[in-house]
Amino acid sequence: MPGGPAATVAPADSRVNLMGMDREDLAVALAPLDVKPFRAKQVFQWIYNRGITDFDEMTNLSKGLRAEMAERFRIGRLAVNTEQRSTDSTRKWLVRFDDAQEAETVYIPETDRGTLCVSSQVGCTLTCTFCHTGTQKLVRNLDAKEIVGQIMLARDAFGEWPSPSEDRQLTNIVMMGMGEPLYNFENVKKALKIVMDGEGLAVSRRKITLSTSGVVPMIHRCGSEIGVMLAISLHAVRDDLRDELVPINRKYPIAELLDACRAYTGLSNARRITFEYVMLKGVNDSAADARELTRLIQGIPAKINLIPFNPWPGVAYDCSEEAAIDRFADIVQRAGYFVTVRKPRGRDILAACGQLKSESVRAKGQKTGMAGG
Ligand code: SAH
Ligand code: SF4
């Protein structure tokens, strides 16, 4: 621009990012380079199984090809805004995407496993009344690169490349971060296929759980097209209460949801469903609720995960008393179901279920006058 200051900012990297591309995408991207189709498979392995970001390390490709690829392509990583560690060793990464939107990824270490809780959207369109994410407007769906990127970020942090066959710190993945994964089906499916691929991140489908608030028409497709373990956020045993707590229930009420679950497990015996049930004091935690739960899910191969409610500023609910949780668990267990009570993790860094994104949005809200938090 005449008279304007000389440009000092480096131009943005215009090379095509290969991250998030599946085998087919890579084949298409590499086609102009006039290489044999099996090269795409090798590149897939370098990216997702070896975690390589520098083309020069792709030693089974010719030097010429490596140089040509580096000119056209890059293998990106998600930027981390902040990383926090809880006193209980839970780790939370606030990741920043290319358009400056943010989402959170949480790692929860336990004695026998290490679980990564992955986000599928920035915010959520649904408005479950007990969930902090639900108070935030959906900004957008995450794409495959942004979903698989969260897992690769954790792998980088643990130095777990190439994808180890044993002694992993990251053993399990739950799609239980921000957002409703079944409202972002194609991107979640594409990302999880790369994650499950034996030549990719190589995480077994049995170690991946997708949690949904109950998007009934997508449950069957989740089973047949993705095939990971399914968790249903039930939280109430009567429609009037579930309408209030999980408003998607007005569209897909409990009976329809449970029919979809029956059909889902009917496809395969291995398909035990996890029912998640947040424990809200005096709201859904009575002995009668517990008995009704066992009656409702009769015949569905299921386990029950009771989640003590994690409070957040301004919320009207309290967490159930320990005695009420024990009583509830006892009734469900006596009816023959396997019950776990989720231990709240990372509450001090707002990394526990339903607390995600809160701090970052609140900080922004103060600056811009945005609602939320
Ligand atoms: N949108 C999906 C997945 C993300 S939420 C779903 O709703 O299933 C992951 C789990 O955390 C869900 O079971 C959700 O109901 C639960 N949850 C949300 N807010 C919570 C809170 N404040 N305390 C405890 N659990 C919460
Ligand atoms: Fe969205 Fe799940 Fe939170 Fe409901 S519980 S608002 S579906 S993230």
Side-chain angles (χ1 to χ4, degrees), residues 90 103-106 108 115-142 147 150 172-185 188 192 208-216 218-219 222 228-236 241-252 257 260-261 273-281 283-285 303-320 325 340-347 350-359 361 372-373:
T90 297
E104 288 180 340
T105 311
V106 179
I108 308 132
T115 304
L116 193 72
C117 182
V118 172
S119 294
S120 57
Q121 299 178 313
V122 174
C124 188
T125 48
L126 300 173
T127 51
C128 304
T129 46
F130 54 87
C131 174
H132 204 183
T133 308
T135 65
Q136 297 150 20
K137 240 176 39 202
L138 168 74
V139 181
R140 65 173 174 84
N141 282 336
L142 299 188
I147 297 168
Q150 294 174 61
N172 291 56
I173 293 170
V174 292
M175 295 302 300
M176 293 187 188
M178 294 165 56
E180 170 48 59
L182 294 188
Y183 273 161
N184 185 16
F185 188 81
V188 167
L192 291 182
I208 304 176
T209 302
L210 184 151
S211 173
T212 179
S213 57
V215 185
V216 167
M218 301 306 286
I219 287 178
C222 178
V228 294
M229 310 308 284
L230 184 66
I232 303 282
S233 293
L234 190 62
H235 306 322
L241 180 59
R242 195 164 190 272
D243 281 351
E244 182 190 318
L245 299 179
V246 189
I248 196 179
N249 194 69
R250 294 177 204 152
K251 209 163 169 188
Y252 309 116
L257 177 60
C261 291
I273 289 182
T274 300
F275 286 99
E276 298 163 277
Y277 196 97
V278 65
M279 298 301 294
L280 303 170
K281 185 178 180 176
V283 175
N284 65 355
D285 62 352
K303 69 175 179 195
I304 316 300
N305 189 354
L306 301 180
I307 316 176
F309 169 66
N310 291 308
W312 38 274
V315 73
Y317 302 109
D318 290 313
C319 181
S320 304
I325 299 177
T340 50
V341 178
R342 194 180 294 176
K343 226 171 100 190
R345 298 292 301 263
R347 273 186 179 173
L350 286 178
C353 306
Q355 295 183 314
L356 295 187
K357 184 71 179 191
S358 32
E359 276 293 359
V361 165

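What you see is a predicted model; the values in this text were computed from it and never measured. Both ligands and their constituent atoms are indexed starting at 1 by order of listing.
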- prompt: What is the ring orientation for Trp312 with His132, classed by angle as parallel under 30°, tilted 30 to 60°, or perpendicular over 60°?
  reply: parallel

message: If we set the cut-off at 4.0 Å for heavy atoms, which region of Phe130 has an atom near ligand 1: side chain, backbone, both, or neither?
response: both

field: Numbering as shown, the atoms of ligand 1 that approach Asn310 to under 4.0 Å (heavy-atom distance)
entry: 21 (C), 22 (N), 23 (N), 24 (C)

message: Between ligand 1 and Arg342, is the shortest N or O to N or O distance under 3.5 Å?
response: no

message: Could you report the tightest heavy-atom contact between Gly214 and Tyr252, atom names first, then the distance?
response: O-CD1, 3.5 Å

field: Heteroatom distance test (His235, ligand 1): nitrogen or oxygen, under 3.5 angstrom
entry: yes

- line: Under 4.0 Å between heavy atoms, the region of Val278 that gets near ligand 1 turns out to be side chain

message: Side chain, backbone, both or neither: which applies to Leu126 and ligand 1 if a contact is any heavy-atom pair less than 4.0 Å apart?
response: neither

- prompt: Donor-acceptor pair, Asn184 side chain versus Leu142 backbone, under 3.5 Å?
  reply: yes

field: Sub-4.0 Å atoms of ligand 1 with respect to non-hydrogen atoms of Cys131
entry: 18 (C), 19 (N)

Mode of Glu276 contact toward ligand 1 - side chain, backbone, both, neither (heavy atoms, under 4.0 Å): side chain

- request: Spell out, as yes or no, whether a donor-acceptor pair under 3.5 Å connects the side chain of Ser119 to the backbone of Gly177.
  value: no

Element-labelled atoms of ligand 1 that are located less than 4.0 Å from some non-hydrogen atom of Glu180: 1 (N), 2 (C)

- request: Please state whether Gly177 comes within less than 4.0 angstrom of ligand 1, counting heavy atoms only.
  value: yes

field: Contact check, Trp312 vs ligand 1, heavy-atom distance below 4.0 Å
entry: yes

message: Run Glu180 and Thr212 through side-chain hydrogen bond (donor to acceptor under 3.5 Å, both in side chains) and show every step you take.
response: CA-CA 6 Å; Glu180 170 48 59; Thr212 179; 2.9 Å; yes

query: Does Val215 offer a backbone N or O that forms a donor-acceptor pair with the side chain of Tyr183 under 3.5 Å?
result: no

message: Looking at every heavy atom in both Thr133 and Gly179, which two are closest together, and how far apart are they?
response: CG2-N, 4.1 Å

query: In terms of atom number and element, which parts of ligand 1 are under 4.0 angstrom from non-hydrogen atoms of Met176?
result: 4 (C), 5 (S), 9 (C)

Per-atom contact, atom 2 (Fe) of ligand 2, protein heavy atoms, under 4.0 angstrom: no

- prompt: What atoms of ligand 1 come within less than 4.0 Å of a heavy atom belonging to Thr212?
  reply: 6 (C), 8 (O)

task: Can you list, by chain and residue number, the protein N, O or S atoms under 2.8 Å from atom 3 (Fe) of ligand 2?
output: Cys131 SG

field: Smallest separation among heavy atoms of Val278 and His235, with atom names
entry: N-ND1, 2.9 Å

message: Minimum heavy-atom separation for Arg250 and Glu244, please, with both atom names.
response: NH2-CA, 4.4 Å

message: Out of all atoms in ligand 1, which are within 4.0 Å of some heavy atom of Ile307? Include the element for each.
response: 13 (O), 24 (C), 25 (N)

query: Counting heavy atoms only, which part of Met178 comes closer than 4.0 Å to ligand 1: side chain, backbone, both or neither?
result: neither

message: Test your reading of the model: is there a side-chain donor-acceptor pair from Ser213 to the backbone of Ser233, 3.5 Å cut-off?
response: no

Exercise: identify the closest heavy-atom pair between Met175 and Pro181: O-CG, 4.0 Å

field: Under 3.5 Å donor-acceptor, Asp285 side chain and Ser320 backbone
entry: no

statement: Distance col, row Leu182:CG vs Leu230:CG, nearest 0.5 angstrom, shows 7.5 Å

message: Test your reading of the structure: does Gly179 have an N or O sitting under 3.5 Å from an N or O of ligand 1?
response: yes

- prompt: Do the side chain of Arg242 and the main chain of Leu234 share a donor and acceptor less than 3.5 angstrom apart?
  reply: yes

- request: Name the option, out of Pro308, Cys117, Ser233, that contains the heavy atom nearest to atom 12 (C) of ligand 1.
  value: Ser233

- prompt: With side chains defined as the heavy atoms from C-beta onward, is the minimum distance between Leu245 and Leu280 less than 4.5 Å?
  reply: yes

